[in-house]
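For reference, the structure discussed in these notes is given below.
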Protein chains: 2
Amino acid sequence: MQESTFLSPAYPHVTTSKRGDVFARNCPTRQLLDRVGDKWSILLLGMLGEGEMRFSALKRRVDGISQKMLAQTLRTLERDGLITRHVEPTVPVSVTYAITPLGRELLSALQWLIDWAETRMGAVAQAQVAYDLRMAD
Amino acid sequence: MQESTFLSPAYPHVTTSKRGDVFARNCPTRQLLDRVGDKWSILLLGMLGEGEMRFSALKRRVDGISQKMLAQTLRTLERDGLITRHVEPTVPVSVTYAITPLGRELLSALQWLIDWAETRMGAVAQAQVAYDLRMAD
DNA sequence: CCATCAGGTTTCTAATGGAAACCAGGTGTG
DNA sequence: CACACCTGGTTTCCATTAGAAACCTGATGG
């Protein structure tokens, strides 16, 4: 578990776009986080990890997502090769989304995060209570 | 790697706040993502994983973060028990942040994500190029 | 002729993020 | 004495983004 590579300067072909600080801004971790570092991407990937699903099913099951963000996030995930989009020309049209092998790899990395959440979010909640008490002195 | 628990209804003590859909909105994964599902939290945790660091050092090394987001994100991480904040009454005052054992646990779960990013972001970039070509037909 | 379906897109508004200015309060400098 | 400078923030203002709700498309059934 090599911590030193956390912000490593790989992928030099990516243009720097801002004053010559190539190092941190373009490391792969930053690229990943800029792309799927939002909750909807992660939740959708998790949902599709359980099996392929249609647009409306995702909308129902991912509680609180707006239709706009659902469409937008799915498009990004598809562009990144993490999911596929299949249009069946029924009437009305039915569109099915499924996770790709690449997406499943990412999901299995995410699984450690999910497992941590399930076992340790209780401790986080406790820490919050303690903090709020300390601050309310 | 139990995928079925991805959105499990644990922590029923959390109030539902919206129309009775307790299931998805309050599962621990959602709670985690609502809290540290942004790139700055993850990047700061990664930085502090390399050793304790002062405010200004973090500002320099986490490229692109604004002073506001740095202060804000650090406060949230501290509240959640993932980092500590130590004020040394020198002059000018010096404030040091360090990761906690709980934070380090989370970071080691995140390490899988980081490793995935470093080995597979190339594939993601390729997928993007392919997608953009398909769409520009 | 109208409503209905899925799967979106558009529009408008509320919340969020970033840039830059400001602040506190103790120190050194002319 | 007046002033500038240090760290570690907070405040202000503006641009971007997310969310809610309305609209769109095109075939189909009543």
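Computation of the quantities below employed the complete heavy-atom set of this structure, encompassing side-chain atoms and omitting hydrogens, waters and symmetry-equivalent molecules. Every chain is numbered from 1 and lettered A, B, ... according to where its sequence line falls, protein lines coming before strand lines.
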Problem - T96(B) or I65(A), whichever maps to the more 5' nucleotide of DNA chain D - result: T96(B)
Problem - Shared-cluster residues of M135(A), by chain and number - hydrophobic side chains joined below 4.5 Å - result: Y131(A)
Practice task
Only counting residues at least two apart or in another chain, list the ones meeting side chain to side chain donor-acceptor pair (under 3.5 Å) with W40(A).
Solution key: none
Exercise for the section: Send over the distance from Q67(B) CD to dC23(C) P, rounded to a whole Å. Expected result: 15 Å
Practice task
Show your working on side chain to side chain contact (heavy atoms under 4.5 Å, CB included) between E88(B) and V95(B) and close with a plain yes or no.
Solution key: CA-CA 6 Å; E88(B) 198 64 33; V95(B) 181; over 6 Å; no
Completion exercise
Numerically ordered, the residues 68-87 of chain A set in heavy-atom contact under 4.0 Å with DNA chain D is K68(A), M69(A), Q72(A)
Practice task
Let me know the distance between CG of L43(A) and C1' of dA18(D), rounded to the nearest Å.
Solution key: 15 Å
Handout entry: Nucleotide nearest V91(B) (side chain, heavy atoms from C-beta), chosen from dT27(C), dG8(C), dG18(C)
Key = dT27(C)
Problem - Atom-pair distance (CG on D38(A); C1' on dG17(C)), nearest Å - result: 15 Å
Problem - Presence of W40(A) side-chain N/O under 4.0 Å of dA18(D) phosphate oxygens OP1/OP2 - result: no
Practice task
Look at Y97(B) and dG9(D) and indicate whether a side-chain polar atom (N or O) is within less than 4.0 Å of OP1 or OP2.
Solution key: yes
Measure all distances between protein nitrogen or oxygen atoms and nitrogen or oxygen atoms of nucleotides 3-6 of chain C, and list the pairs falling under 3.5 Å.
from   : atom 1 : to     : atom 2 : distance (Å)
dA6(C) : O3'    : R54(A) : NH2    : 3.1
dA6(C) : O3'    : V93(A) : O      : 3.1

Exercise for the section: Find the distance L58(B):CG to dG8(D):P and express it as a whole number of Å. Expected result: 10 Å
Exercise for the section: Indicate the ring-plane relationship of Y97(B) and F55(B), choosing parallel, tilted or perpendicular according to the 30° and 60° boundaries. Expected result: tilted
Practice task
For the pair E50(A) and R61(A), find out whether any cationic side-chain nitrogen is under 4.0 Å from an anionic carboxylate oxygen.
Solution key: yes
Problem - Rounded distance (Å) that lies between atom C1' of dG19(D) and atom NZ of K59(A) - result: 11 Å
Handout entry: Donor-acceptor under 3.5 Å (T119(B) side chain, W116(B) main chain)
Key = yes
Handout entry: Min side-chain heavy-atom separation L106(A)-R120(B) under 4.5 Å
Key = no
Exercise for the section: For Q128(A), enumerate each residue passing the side chain to side chain donor-acceptor pair (under 3.5 Å) test, keeping only those at least two apart in sequence or located in another chain. Expected result: R79(B), D80(B)
Exercise for the section: Check the distance between dG7(C)'s C1' and E88(A)'s CD and give it to me in whole angstrom. Expected result: 15 Å
Handout entry: Rounded interatomic separation in angstrom, taking CG from D63(B) and C1' from dA19(C)
Key = 15 Å
Problem - Set of residues satisfying side chain to side chain donor-acceptor pair (under 3.5 Å) with respect to S41(A), sequence neighbours excluded - result: D38(A)
